[in-house]
Amino acid sequence: MHFQEWLQSLHSSGGVRGPVREDFWSLLPSLPSSSSFSLSSLSRSPSSLLGIGALASLTAYWLVTRRRPMQPPCDLNAQSIAVQGEPNWRRSALLKDDALLEFYYDDTRTAYDMFQRGLRVAGNGPCLGFRKPGEPYQWISYTEVCGSLVLGSGLLGKGCQPNPEQFVGIFAQNRPEWIISELACYTFSMAVVPLYDTLGEEAMVHILNLAEISLVICDTEEKAESLLGNKEKGATPTLSCLVLFNDCSDAIVERGKNCGVEILELTQLMPPKPQDLAVVCFTSGTTGTICFYRSLCESSSKDVSISYLPLAHMFERMIQVSMFCHGARVGFYQGDISLLMDDIKTLKPTFFPVVPRLLNRIYDKVSSVTSPLRRAVLHYAVRRKQAELSSGVVRNNSLWDRLVFNRIQANLGGNLRFILTASAPISPTVLSFLRATLGCLIFEGYGQTECTAGCTFSMPGDWSAGHVGAPLPCAMVKLVDIPDMNYYTKNGEGEICIRGHSVFRGYLKDEEKTAEALDSDGWLHSGDVGQWLLNGTLRIIDRKKHIFKLSQGEYIAPERIENVYMRCVPVLQVFVHGDSLKSHLIGIVVPDPEVFIDWVKERGIIGSYKELCQHPDVKKAVLEDMTAVGKEAGLKSFEQLKDLHLHPEMFSVSNGLLTPTLKSRRVDIRRVFQEQITNMYSTTAI
């Protein structure tokens with residue numbers, strides 16, 4: 001048998017798939033194919049023997065280190081199953097029937113149970129990590145965290161009631177005390193209400209009053225002072241106690257006393273006597289969604305996650321309880337996002353929850369290679385790794401990982417096993433590129449707060465991009481017609497609706513909005529527009545509601561921003577647009593013809609109405625004026641336009657850009673100005 005045939009027989013008997021075998025042969029010099037080529041002919045030349053020895057060594061190394069394709073848990077061409085014969089009503093192909101998964105573990109039914117299970121798994125193992133600048137991570141064990149939950153008894157001593165109607169506010173950045181406070185509340189069946197800065201003062205007051213919150217736990221005096229300011233104005237009458245993670249000054253204690261608010265440090269929450277406790281009960285809740293992540297990603301007590309996404313958002317909350325359920329570790333960033341990469345290098349996480357904006361930054365940095373040679377090598381290496389991905393192979397020990405991608409992977413700690421991206425869509429180009437360069441599993445999920453973070457999840461083994469996976473076993477997903485937007489289920493398109501154990505029961509004390517979100521059959525109407533693909537996965541194609549997310553996960557209410565900008569003197573009409581793959585807003589502005597020419601003339605520019613709309617200095621002046629008005633009105637930086645197009649024709653009913661009730665036809669405006677929108681995003685540098 002010729003040597004080349006022998007090598008090929010090894011490949012065929014080893015079950016190596018075609019694309020992988022081709023990669024191997026691409027690394028080798030071509031060998032003669034004539035029938036005269038044999039081992040006996042090679043034996044006459046010492047150099048040939050050395051060459052064949054090196055070739056055999058390379059072959060042996062490749063056979064030992066090669067990664068076999070991941071076996072998907074279901075047929076990737078049929079990842080979801082039609083329910084009751086309805087093609088637009090689908091459930092996970094991983095289920096035996098239409099009965100949805102409610103609990104992953106029979107003995108784990110609440111958030112409290114999940115931590116207790118992690119305690120049994122990890123015992124005295126590390127649980128919560130933190131670090132000071134330039135120092136390694138320090139760890140609090142599961143046993144120590146459990147001992148700290150006596151804090152819940154201290155809350156009872158301050159008048160909190162041990163029932164789900166007792167709401168406790170947490171106003172703090174991610175840190176171990178946040179989780180300890182949350183678990184302490186769960187231990188005594190109290191509900192946690194996260195608060196965060198970007199809510200704004202008006203929303204903060206509304207939440208405190210709606211939930212009748214009497215006690216808020218804060219991390220800094222500055223946040224406590226902002227709450228005291230509302231109390232002093234009489235805006236939050238129920239607030240009576242603030243608990244600070246850090247030491248508090250005598251001045252703030254005195255200020256609190258003057259307005260009827262007790263100020264305490266966390267260590268001062270001493271529990272009452274045991275005989276004072278009447279009952280200890282556990283909070284109810286569903287864990288089907290997040291526990292299923294474990295079955296997908298096989299998380300274990302050896303896994304480590306980095307916590308930097310806001311704990312006030314459901315995505316990060318579900319990630320953490322899943323980690324605790326399996327006895328894994330969670331390390332917190334230092335609180336400064338500019339130091340996140342240093343925290344990651346130090347922590348060396350195995351699991352990395354992200355939002356697309358961060359992945360976009362990694363992509364931009366990696367792909368911005370200036371040297372033509374290095375760029376060519378990078379692109380070739382990416383193509384070779386993507387070829388492996390297409391055959392189901394995911395690894396970080398290939399030749400290309402060692403030669404090209406090792407530094408990239410080292411910048412993320414070097415131990416990543418899987419990444420979960422959610423909160424907003426991610427570009428298929430970026431996703432495919434990073435799956436190749438990072439050498440780890442990257443999953444994409446879709447959901448919202450109202451369905452406990454997730455309802456669909458990309459399937460292990462399916463490394464295609466451009467969709468958000470199939471329904472999770474805890475949820476069913478269906479599409480319904482949206483006639484106003486020309487989306488019909490007969491075309492496999494419509495509004496995404498979700499039903500299952502993970503769907504919420506309603507909005508607090510707001511039956512009207514609950515009825516808008518939940519129909520009589522228990523379906524949650526998401527406001528997103530989806531499309532079923534042939535393989536049973538879901539693609540997000542549009543948004544029904546006039547609220548959307550930017551790539552960093554920030555919610556945008558465009559009509560509210562438009563109402564602010566309408567206060568600008570030169571502005572008659574404005575359309576605010578955002579793309580979930582972009583991090584900033586742009587706009588279409590129709591200047592007021594009655595005042596626009598004079599307003600511009602005051603700035604030394606003369607011309608006709610149409611000429612002025614095309615003048616770059618005029619556009620700059622209008623944008624500066626709008627930014628100033630927006631800042632005065634309290635718009636956040638991400639809510640401000642970064643570019644605009646001045647349009648000389650009014651939006652009207654006759655040109656199809658306004659409804660008969662004079663509301664913007666947002667879909668039509670976006671379609672008409674698609675060219676300008678594309679140009680603005682391509683030229684605006686953020």
Side-chain angles (χ1 to χ4, degrees), residues 197-206 230 233 235 545-550 554-579 582-653 655 657-670 672-673 676-677 680-681 684 686:
D197 291 326
T198 56
L199 285 172
E201 181 178 339
E202 183 178 346
M204 189 88 72
V205 169
H206 172 73
N230 293 324
K233 297 174 186 176
K545 296 179 181 178
H546 298 158
I547 296 177
F548 52 84
K549 282 184 180 180
L550 297 178
E554 296 287 357
Y555 283 99
I556 297 296
E559 291 177 329
R560 182 178 71 87
I561 299 173
E562 289 163 0
N563 289 333
V564 169
Y565 284 148
M566 291 288 287
R567 304 172 193 168
C568 297
V569 173
V571 174
L572 177 66
Q573 295 171 318
V574 59
F575 170 74
V576 171
H577 175 76
D579 190 320
K582 305 295 184 181
S583 62
H584 61 281
L585 300 175
I586 57 174
I588 308 296
V589 174
V590 178
D592 188 343
E594 294 184 5
V595 300
F596 183 57
I597 294 178
D598 291 338
W599 185 86
V600 174
K601 188 176 181 179
E602 293 174 358
R603 285 152 180 79
I605 305 173
I606 300 175
S608 68
Y609 181 76
K610 288 187 176 181
E611 289 172 346
L612 293 174
C613 285
Q614 298 173 359
H615 199 296
D617 289 340
V618 173
K619 184 181 82 168
K620 181 180 178 182
V622 173
L623 182 59
E624 289 176 349
D625 188 67
M626 292 174 65
T627 302
V629 171
K631 187 175 182 179
E632 183 180 352
L635 293 183
K636 303 290 189 298
S637 175
F638 60 81
E639 294 177 308
Q640 295 270 27
L641 296 186
K642 297 301 185 288
D643 199 1
L644 59 82
H645 169 74
L646 294 177
H647 184 61
E649 182 183 355
M650 289 177 56
F651 305 156
S652 65
V653 177
N655 61 24
L657 301 183
L658 293 182
T659 68
T661 57
L662 302 182
K663 294 180 180 179
S664 296
R665 291 187 179 272
R666 309 195 72 85
V667 174
D668 295 316
I669 294 175
R670 186 168 65 241
V672 169
F673 292 99
Q676 290 85 349
I677 288 171
M680 281 189 281
Y681 272 131
T684 305
I686 300 298

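- At distances below 3.5 Å, not a single donor-acceptor pair connects side-chain atoms of Asp643 with backbone N or O atoms of Leu623.
- Using a 4.0 Å cut-off between charged nitrogen and carboxylate oxygen, Glu624 and Arg603 do not count as a salt-bridge pair.
- The nearest pair of heavy atoms linking Pro558 to Ile556 is CD-O, 3.3 Å.
- For the pair Val569 and Asp625, the tightest heavy-atom approach, listed with the atom from each and the gap, is N-OD2, 4.1 Å.
- At least one donor-acceptor pair closer than 3.5 Å links the side chain of Arg666 to the backbone N or O of Val576.
- Residues satisfying the side-chain hydrogen bond (donor to acceptor under 3.5 Å, both in side chains) criterion with Asp579, sequence neighbours excluded, are absent altogether.
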One pair to check against side chain to side chain contact (heavy atoms under 4.5 Å, CB included): Val590 and Phe575. What are the steps and the verdict? CA-CA 9 Å; Val590 178; Phe575 170 74; over 6 Å; no
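- Scored by the side-chain hydrogen bond (donor to acceptor under 3.5 Å, both in side chains) test, Lys582 finds no partners at all (sequence neighbours excluded).
- At a threshold of 4.5 Å between non-hydrogen side-chain atoms, the residues Ile588 and His577 do not count as touching.
- Applying the side-chain contact (heavy atoms from CB on, under 4.5 Å) rule to Gln614 yields no partners; only residues at least two apart in sequence or on another chain are considered.
- Note that NE2 of His584 and OG of Ser637 are 11.5 Å apart. Values are rounded to the nearest 0.5 Å.
- Taking the side chain as every heavy atom from C-beta outward, Leu658 and Ser664 approach each other to under 4.5 Å.
- At least one donor-acceptor pair under 3.5 Å links the side chain of Tyr565 to the backbone N or O of Leu641.
- Here SG of Cys613 is found 11.0 Å from CD of Glu649. Values are rounded to the nearest 0.5 Å.
- One finds the CE atom of Met566 at 6.0 Å from the CG atom of Leu572 (value rounded to the nearest 0.5 Å).
- Remark: His647 engages Phe673 in a ring-ring contact (aromatic ring centres under 6.0 Å, His included) (not counting sequence neighbours).
- The two residues Pro648 and Lys610 have their closest heavy-atom pair at CB-CG, 4.0 Å.
- By the ring-ring contact (aromatic ring centres under 6.0 Å, His included) test, Phe596 is found to be paired with Tyr609, residues two or more places apart in sequence or in another chain being considered.
- Taking CD from Gln676 and CG from Leu646, the interatomic distance works out to 11.5 Å, rounded to the nearest 0.5 Å.
- Residues Val564 and Val629 come closest through the heavy atom pair O-CG1, 3.7 Å.
- Within the 4.5 Å cutoff, side-chain heavy atoms of Met626 are placed close to those of Val574.
- Of all non-hydrogen atoms in Phe638 and Leu550, the two that sit nearest each other are O-CD1, 3.8 Å.
- With sequence neighbours left out, the side-chain hydrogen bond (donor to acceptor under 3.5 Å, both in side chains) criterion links Arg560 to Glu639.
- Rounded to the nearest 0.5 Å, atoms CD1 (Ile597) and CG (Asp592) are 10.5 Å apart.
- Considering every non-hydrogen atom in both Lys601 and Ile606, the closest pair reads CG-CG1, 4.4 Å.
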